[in-house]
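Worksheet for the structure shown next.
Remember, it's 1-based here, ligands and their atoms both numbered in the order they're listed. This is a predicted model, so every value here is computed, not measured.
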Amino acid sequence: MKLIEGHRPIIPAEGIPVWDVDPYDETILRNPYDYYAHLRELGDVVYIPRYSVLAVGRYATTHKVFSDHEHFVSSRGVGLNDFALGKPWRQPSIILEVDPPEHTRTRKVMARVLSPKIMKTLSNLFLDIAEQVVDDIISKGSIEVVSELAEVYPTSVFPKAVGMKDVNARYLVDYGAMVFNGTGPDNEIRRHSMAEAGQIVPWITSACARERLTGDGLGAMIYEAADNGDITHDEAAMLVRSFLSAGVDTTVTGIGSALWCLSQNPQEWEKLKADPGLCRPAFEEVLRYTSPVHTFCRTAGCDTQIGEFPVAEGSKVLCVLGAANMDPEKWGDPENFRIDRRPVGHVASNVDTHGIVV
Ligand code: OVM
């Protein structure tokens, strides 16, 4: 059978609204808000013929499908390609592209290494580098925010926190783009990101080896979990790789989006300056408002349902997290960027499952 974007074409159940849209069109990616609104308006679940996928964007449905690993699995890939039908472009992540119970085991190791207690020991490092970056910006007078701030900060601080001996900020940013654009269709954007995979993937793989890490970083702690028998040493290398794939792109986008939100909402910027204690809820609001990961897919692992509609095994479902995070039904006034909203339950990150984002 002819596959569409690496998955089996589906025949949508009678009654599911059909919308001839390309969610991965650059115009929509640049300004997705009307697309999000229309997706939610159409119904709980929508069929998109262009990629022969279903899509969900209402908060309640999106949260439900995204978290329901019994029926909607991550292990067949969180992009359009179905790993059951074709070889993925890289070895699947053992934390992202996996389901419980395996996921539970690897996630436990990650959670321990990323615990608040351990994060606290890194706060001076994070602060020192932030100050250096800010000093540098002040001396320059004016900057291009994405390339001179949003990319610079995570790629400076992150390799140090992990304890990487190999430093290549460009490769880290480009690998992040590869991982996330790799979830989308085989379009110009994806091909452009993948063009350098031949150099970058081997560099990433070798940078995750134990001997390429210092003894005192987060990477070393992952390998210690392997020494303790919690995971294998091969799995340790894969979890270090997950730091690099999940940690860079999302933070670059988050910081860039924070500056965008604050620049568009000067009254919120004044509020933040007056009360820097709002920094954390402000950043959560940025995540809700901009959803650095706008979409992850699930795959129906068996014949199942979304609401009243039957969904066949193998169906790819776009979980449009960006639409869920802007659902007025959930948020009341989602279009207002309010740094003191405290948007508990947003699906931009850290949905545990088992509502797994990671
Ligand atoms: C990984 C990975 C990549 C992207 C995102 C993510 C949100 C994990 O390679 O493990 O979690």
Side-chain angles (χ1 to χ4, degrees), residues 62-63 66-67 69 72-81 83 88-100 102-114 154-155 158-159 161-162 164 171-184 190 193-194 197 200-209 218-219 222 225 231-232 234-255 257 283-284 287-288 290-299 318-322 324-325 346-358:
T62 305
H63 193 280
F66 200 57
S67 322
H69 59 83
F72 297 100
V73 302
S74 295
S75 50
R76 289 165 73 166
V78 296
L80 294 174
N81 293 333
F83 293 180
W89 70 275
R90 62 170 192 160
Q91 194 181 335
S93 161
I94 61 170
I95 186 129
L96 178 70
E97 294 149 332
V98 69
D99 296 306
E102 299 79 46
H103 175 267
T104 315
R105 188 170 57 87
T106 48
R107 172 143 187 161
K108 218 179 265 169
V109 173
M110 287 300 242
R112 204 190 313 135
V113 170
L114 295 174
T155 56
F158 201 77
V162 173
M164 298 174 71
Y171 275 12
L172 288 178
V173 168
D174 290 351
Y175 185 63
M178 225 176 267
V179 166
F180 284 95
N181 291 335
T183 66
R190 190 182 196 274
S193 301
M194 288 296 179
I200 297 181
V201 172
W203 183 86
I204 292 284
T205 306
S206 65
C208 296
L218 302 176
I222 296 281
I231 48 173
T232 70
D234 286 348
E235 286 175 331
M238 289 297 288
L239 288 183
V240 174
R241 192 192 71 170
S242 286
F243 277 149
L244 309 189
S245 30
V248 178
D249 190 275
T250 49
T251 44
V252 169
T253 308
I255 292 169
S257 298
F283 198 71
E284 291 299 328
L287 295 180
R288 180 196 68 81
T290 61
S291 299
V293 181
H294 59 84
T295 299
F296 268 147
C297 294
R298 295 292 188 247
T299 314
L318 266 55
C319 295
V320 185
L321 307 170
N325 283 335
H346 73 68
V347 286
S349 67
N350 196 33
V351 185
D352 197 75
T353 57
H354 280 217
I356 327 175
V357 160
V358 178

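- If you number the atoms of ligand 1 from 1 as listed, the ones under 4.0 Å from a heavy atom of Ser245 come out as 1 (C), 2 (C), 3 (C), 9 (O).
- Taking every non-hydrogen atom of Val179 and a distance limit under 4.0 Å, the qualifying atoms of ligand 1 come out as 3 (C), 4 (C).
- Listed by atom number, the atoms of ligand 1 under 4.0 Å from Ser93 heavy atoms are 1 (C), 9 (O), 10 (O).
- Ser291 meets the side-chain hydrogen bond (donor to acceptor under 3.5 Å, both in side chains) test with Asn325; sequence neighbours excluded.
- Any N or O atom pair closer than 3.5 Å counts here, and Arg241 shares no such pair with ligand 1.
- With ligand atoms numbered from 1 in the order given, ligand 1 contributes 10 (O) to contacts under 4.0 Å with heavy atoms of Ile95.
- Of all non-hydrogen atoms in Arg190 and Asn181, the two that sit nearest each other are CG-O, 3.4 Å.
- Between the side chain of Thr250 and the backbone N or O of Ala246, at least one donor-acceptor pair lies under 3.5 Å.
- If you number the atoms of ligand 1 from 1 as listed, the ones under 4.0 Å from a heavy atom of Arg90 come out as 1 (C), 9 (O).
- Among Ser349, Pro292, Ala246, the residue whose heavy atom sits closest to atom 8 (C) of ligand 1 is Ala246.
- Remark: side-chain polar atoms of Thr106 are paired, donor with acceptor, to backbone N or O of Ile94 under 3.5 angstrom.
- Ligand 1 has no atom lying under 4.0 Å from any heavy atom of Gln91.
- When every heavy atom of Val201 is checked against every heavy atom of Met178, the shortest pair comes out as CG2-SD, 4.3 Å.
- Thr183 is linked by a side chain to side chain contact (heavy atoms under 4.5 Å, CB included) to Val78, Phe296, counting only residues two or more places apart in sequence or in another chain.
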